[in-house]
Amino acid sequence: MPNVSAAFDPEDSDTVRTIGQLCFSGDWACANGDVDTLASIASRLASFTAEPLHCELARLAELCGRDPIRAISEWMRLKGHVLGNGANRPP
């Protein structure tokens with residue numbers, strides 16, 4: 001189950017689907033070196049997530065403009081937390 005903020009119902013299938021689509025799109029952006037799109041996706045995902053993941057995704061969006069290689073690496077790390085794979089470990 002995605003690591004959504006308290007403002008969103010984690011059982012809401014539309015929210016879960018949107019988060020999944022954004023994560024898929026983030027992978028596509030990384031594979032194609034499109035860090036502008038990755039920044040946009042990270043910002044959108046931040047609106048769905050709780051702290052501290054919210055801030056980590058906001059920082060990722062900023063990082064995309066400064067250090068694309070590191071941003072892609074951070075995406076790979078944070079995506080697991082967004083999808084709940086790392087929900088028991090802080091980002």
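Only this structure's heavy atoms are used, side chains among them; waters, hydrogens and symmetry mates stay out.
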### Task
Considering non-hydrogen atoms only, spot the tightest contact between Ala46 and Ala58 and give its length.
CB-N, 4.3 Å
### Summary
CZ of Arg70 to SG of Cys64, rounded to nearest 0.5 Å, is 11.0 Å
### Task
Answer whether the closest heavy-atom distance between the side chains of Cys23 and Leu83 falls below 4.5 Å.
yes
### Task
Flag yes if Trp75 and Phe24 sit in one hydrophobic cluster, no otherwise; membership is Ile, Leu, Val, Met, Phe, Trp, Tyr, and two members link when side-chain heavy atoms are under 4.5 Å apart.
no
### Task
Output, in order, the C-alpha distance, side-chain angles, deciding distance and verdict of side-chain contact (heavy atoms from CB on, under 4.5 Å) for Asp34 and Trp28.
CA-CA 8 Å; Asp34 188 348; Trp28 179 91; 3.9 Å; yes
### Query
Closest approach of Glu74 and Leu60, non-hydrogen atoms and distance?
CB-CD1, 3.9 Å
### Task
Measure the shortest side-chain to side-chain distance between Leu22 and Phe48 over non-hydrogen atoms and say whether it is less than 4.5 angstrom.
yes
### Task
Would you please name every residue forming a salt bridge (Lys or Arg N to Asp or Glu O under 4.0 Å) with Arg44, sequence neighbours left out?
none
### Task
Report yes if the side chains of Cys30 and Leu38 come closer than 4.5 Å at any heavy-atom pair, otherwise no.
yes
### Message
Holding to salt bridge (Lys or Arg N to Asp or Glu O under 4.0 Å), I want the full list of residues that pass it with Asp27, two or more places apart in sequence or in another chain.
### Response
Lys79
### Query
Can we say Arg77 and Glu56 salt-bridge, meaning some charged N sits less than 4.0 Å from an Asp/Glu carboxylate O?
yes
### Query
Do Leu63 and Leu45 share a hydrophobic cluster (ILVMFWY, side-chain heavy atoms under 4.5 Å, transitive)?
no
